[in-house]
Engineer: 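Got a structure for you, questions after.
Side-chain atoms are counted along with the backbone in the values below, which use heavy atoms only and exclude waters and symmetry mates. Whatever order the structure lists ligands and atoms in, that order sets their numbers, starting from 1.
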Amino acid sequence: MRIANVDGRAVIVLDEGFVDIAAVSNGRFAASTREVLAQLADLQSWFALESPAVTEAIAADELERSGRLGPVVDAPSQIFAVGLNYRTHAAEMGLTPPSQPMIFAKFASCLAGANATFPIVSPRTDWEAELVLVVGRGGRDIAVGEALDSLAGYCVGQDVSDRDLQMSGSPAQFSLGKSHRNFAPVGPWITTRDEVPDPNDLEIVCRVNGVTFQDSTTHDMVFHVPEIVSYVSTVCELRPGDLIFTGSPHGVGQGQKPPVFLRSGDNVVTTIVGLGTLRNHAE
Ligand code: ZN
């Protein structure tokens, strides 16, 4: 099942249109994706039983480009990110991969959806294609073997990064450098985990102005998805709708020789095969 935020309401995306969940269920399910994610098992049973007609007939690929898709979760209580989680990316940054997951925050006010624009805040504004985990049941002290069950699904994300602020000072300033306005586009929709047999077997691609800079597989993560979820949950309670950016493969602008950074008007297109494409551009 694909769940999106269209015009601020939780919908189920079908190839030929979308179903407004709260309207069609007469309020049995919530109008916000965050609340719907806490009701996911019930929602899936209801949908299978009722197979409701679409609320609006619009092809999924047209919807994806429409500008109507907000962030997949409107107001997550927490947005985590994992730094240096691909060896080849750590190497291109000139850094050593950490021995335990390196966690920072993308503050919630930087969240954006598909087709959102973001500002060029410094001469070193960079892209990072990432798989984003969407928490379902969540919890504390989640065992590695139960970690995938605590998730609702997955989406595509961009960890837009201001390298000047990120690398200013010592120690570095990851959280603020990655939290400018609209620096966390996510989307285009959530694909529920039952449709993703292995989140660490997905092709992840980033194209800037049509040029492919990143093309890797999530299999190359240093810490795979279950380990990340379990690790974070030993400290923070994971709640429905929380998001976890899982790190970028190699091929960011900083890693090019010579480095390449985003400029006003650049198009950033991020694809995870099976999860969809997220289009954003620099203001
Ligand atoms: Zn990142």
Side-chain angles (χ1 to χ4, degrees), residues 71-72 76 78-98 100-112 116 118 120-122 124-134 154-168 171-187 199-200 202-208 213-225 227-229 231-232 242-256 259-262 268-272 275 278 280 282:
V72 294
Q78 304 169 98
I79 306 174
F80 302 93
V82 187
L84 307 174
N85 199 30
Y86 290 77
R87 281 184 187 82
T88 49
H89 172 57
E92 73 179 349
M93 299 295 282
L95 298 166
T96 308
Q100 59 187 22
M102 196 276 266
I103 306 295
F104 60 92
K106 284 177 82 72
F107 297 109
S109 58
C110 71
L111 198 61
F118 56 84
I120 298 296
V121 293
S122 84
R124 296 199 299 154
T125 302
D126 204 348
W127 61 85
E128 292 192 356
E130 305 204 6
L131 171 69
V132 175
L133 317 180
V134 183
Y154 308 94
C155 68
V156 184
Q158 256 297 331
D159 178 17
V160 185
S161 302
D162 169 4
R163 302 291 184 209
D164 281 346
L165 179 54
Q166 180 190 352
M167 301 303 183
S168 67
Q173 184 67 280
F174 275 56
S175 296
L176 280 184
K178 289 158 172 277
S179 288
H180 290 285
R181 175 171 57 84
N182 289 358
F183 266 32
V186 290
N200 283 109
L202 299 172
E203 183 181 3
I204 179 166
V205 179
C206 181
R207 297 185 176 90
V208 180
F213 282 93
Q214 298 185 281
D215 188 352
S216 288
T217 161
T218 56
H219 185 73
D220 291 344
M221 287 182 191
V222 177
F223 300 100
H224 280 199
V225 169
E227 297 171 273
I228 294 168
V229 170
Y231 180 77
V232 173
D242 283 355
L243 303 176
I244 304 176
F245 283 68
T246 55
S248 176
H250 70 278
V252 304
Q254 173 87 55
Q256 306 301 312
V260 178
F261 295 105
L262 292 168
V268 180
V269 177
T270 316
T271 299
I272 297 179
L275 302 187
L278 179 67
N280 302 100

Engineer: Less than 2.8 Å from the Zn ion (ligand 1) is the window; count the protein N, O or S atoms in it.
Structural biologist: 3
Engineer: We want to know whether Glu130 and Ser248 form a side-chain donor-acceptor pair, criterion being a heavy-atom distance below 3.5 angstrom.
Structural biologist: no
Engineer: What residues form a side chain to side chain contact (heavy atoms under 4.5 Å, CB included) with Pro259, not counting sequence neighbours?
Structural biologist: Phe261
Engineer: Among residues two or more places apart or on two chains, list those pairs meeting salt bridge (Lys or Arg N to Asp or Glu O under 4.0 Å) that have a residue in residues 171-186.
Structural biologist: Glu128-Lys178, Asp159-Lys178, Arg181-Glu283
Engineer: Using distance alone, with no hydrogens and no angle criterion, decide if Asp126 and Gln254 have a side-chain donor and acceptor under 3.5 Å apart.
Structural biologist: no
Engineer: Going by the rule side-chain hydrogen bond (donor to acceptor under 3.5 Å, both in side chains), which residues pair with Glu227 if we only count those two or more places apart in sequence or in a different chain?
Structural biologist: none
Engineer: Check each of Gln166, Lys106, Arg124 against Ser161 using the side-chain contact (heavy atoms from CB on, under 4.5 Å) test, and report the only one that passes.
Structural biologist: Gln166
